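A quick write-up on the structure given underneath.
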Amino acid sequence: MLSERTLNFKGEKCSGGKEAKQRISILLAANMNGTQKLPPLFIGKYFKPICFKNVNKLPAAYHANRNPWMTGHIYEKWLRDLDRRFLSEKRKVPLIVDNCSVHVEVSDLKAIRVEFLPPKVILQPMDQGVINSFKRIYRKVLLQRVIMGLEL
């Protein structure tokens, strides 16, 4: 039931119900002007969520972790998969990442050159509206699906 869950952003106050315990992390990446977006990487708690029961192929990458957070292992696997993709496309790509502790140094990349932002950079490139826009569109689509599922 909708009143038992909230679609609030982190930091927003929950009112009129209990706060949801379900969490996911999402990695978003795009080129500088946003004309090419990579498929998002979702990190959830369960290896085979029930909602994926009859799904043959996801339009995004999905990894499971006991806590749905990014880990160095998940980051390295994502980066190596991305490197293979760009190598097959014969592209050389600089990738700018923040100084998060899970963004480990990955050696032997052939198509990607990873550049780290300086420590304590407050305004990061993807924070300039991309992530917030993604969350707002997700919330809108989710609410539309909930409303469509209600019997009137």
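What you see is a predicted model; the values in this text were computed from it and never measured. Because only heavy atoms are used, hydrogens play no part in the values below, and waters and symmetry mates are left out as well, while side chains stay in.
Judged as a salt bridge (charged side-chain N to carboxylate O under 4.0 Å, His left out), the pairs with a partner in residues 69-78 (not counting sequence neighbours) are, in order, E76-R80, K77-D81.
Shortest non-hydrogen contact noted between A111 and R91 is CB-O, 3.2 Å. The two residues G44 and Y62 come nearest to each other via the heavy atoms CA-OH, 3.4 Å. Summarising the geometry of A60 relative to P39, their closest heavy-atom pair is CA-CB, 4.4 Å, with the distance given to 0.1 Å. Closest non-hydrogen pair, V104 versus F116, comes out as O-CZ, 4.3 Å. Here the closest non-hydrogen pair linking P40 and I26 is CB-CG2, 4.0 Å.
Placement of L109 and V102 within a single hydrophobic cluster is found when ILVMFWY residues are connected by side-chain heavy-atom separations under 4.5 Å, directly or transitively. Under a hydrophobic clustering in which Ile, Leu, Val, Met, Phe, Trp and Tyr are joined whenever their side-chain heavy atoms come within less than 4.5 Å, directly or via other members, W78 and V114 fall into the same cluster. Using a 4.5 Å cut-off between side-chain heavy atoms of Ile, Leu, Val, Met, Phe, Trp and Tyr, with links allowed through other members, V106 and L27 fall into the same hydrophobic cluster.
Put simply, CG on L28 and NZ on K135 are 9.5 Å apart, with the number rounded to the nearest 0.5 Å. Taken from CG in D83 to CG in D108, the straight-line distance is 9.5 Å, to the nearest 0.5 Å. Atom CG of residue L142 and atom CD1 of residue I137 lie 13.5 Å apart, to the nearest 0.5 angstrom. H73 contributes atom NE2, which lies 7.5 Å from atom NE2 of H63 (distance to the nearest 0.5 angstrom). Atom CG of L41 sits about 11.5 Å away from atom CG of L79, to the nearest 0.5 Å.
In this structure a side-chain-to-backbone donor-acceptor pair under 3.5 Å is missing from S25 to M70. Within the 3.5 Å criterion, the main-chain N or O of K110 finds a donor-acceptor partner in the side chain of K92.
Between W69 and I43, every side-chain heavy-atom pair lies at or beyond the 4.5 Å cut-off. With contacts defined as side-chain heavy-atom distances shorter than 4.5 Å, the pair K45/N65 does not qualify.
In terms of the ring-ring contact (aromatic ring centres under 6.0 Å, His included) criterion, F42 has no residue partners (sequence neighbours excluded).
In the displayed structure, E89 atom CD is contacted under 6.0 Å by more than 12 heavy atoms of other residues, nucleotides or ligands.
Of the candidates V97, I96, N99, I96 is the only one forming a side-chain contact (heavy atoms from CB on, under 4.5 Å) with L117.
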